[in-house]
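Small disclaimer: the values here were computed from a predicted structure and weren't measured.
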Amino acid sequence: MQRQNQTYNEQPSTMNQPPSVVTVKDALYLTDMLSWNLLAAKKAHFFATQCQDQEIQAEIHKVGQMHQQHYQKILAHLNKQNPQN
């Protein structure tokens with residue numbers, strides 16, 4: 001019982017550098033992250049166009065921009081790690 005509690009209380013270690021090899025599972029997760037952010041950006045854009053309240057529309061637009069920036073950052077990081085030569 002005490003051994004189980006130790007496992008739950010331990011903090012996950014942080015990697016200082018990304019691994020040199022990307023596993024299939026890692027690649028699938030990265031693909032999912034890109035898809036989630038792109039979908040969220042598209043939905044936010046759609047809902048902003050449907051909204052009548054200008055303040056809410058502006059906030060939804062900000063949310064869409066945030067997801068688009070996350071998408072671009074992930075993509076830029078992946079392109080930097082694996083340049084197409």
Residues, nucleotides or ligands: over 12 heavy atoms within 6.0 Å of Gln50 CD: yes

With sequence neighbours excluded, give me every side-chain hydrogen bond (donor to acceptor under 3.5 Å, both in side chains) pair touching residues 29-39. Asn37-His67

Can you find a pair of side-chain heavy atoms, one from Leu78 and one from Leu34, that are under 4.5 Å apart? yes

Flag yes if Ile60 and Met66 sit in one hydrophobic cluster, no otherwise; membership is Ile, Leu, Val, Met, Phe, Trp, Tyr, and two members link when side-chain heavy atoms are under 4.5 Å apart. no

Run the side chain to side chain contact (heavy atoms under 4.5 Å, CB included) test against Lys43 and tell me which residues pass, sequence neighbours left out. Leu39, Phe47

Tell me whether Val63 is reachable from Tyr71 by hopping between hydrophobic residues (I, L, V, M, F, W, Y) whose side-chain heavy atoms are closer than 4.5 Å. no

Minimum heavy-atom separation for Thr49 to Gln57, with atom names? CA-NE2, 4.3 Å

Taking every non-hydrogen atom, the tightest pair across Cys51 and Ile56: SG-CG2, 3.6 Å

Donor-acceptor check, side chain of Gln68 to backbone of Ala41, threshold 3.5 angstrom: yes or no? no

Backbone N/O of Ala76 and side chain of Asn79: donor-acceptor pair under 3.5 Å: no

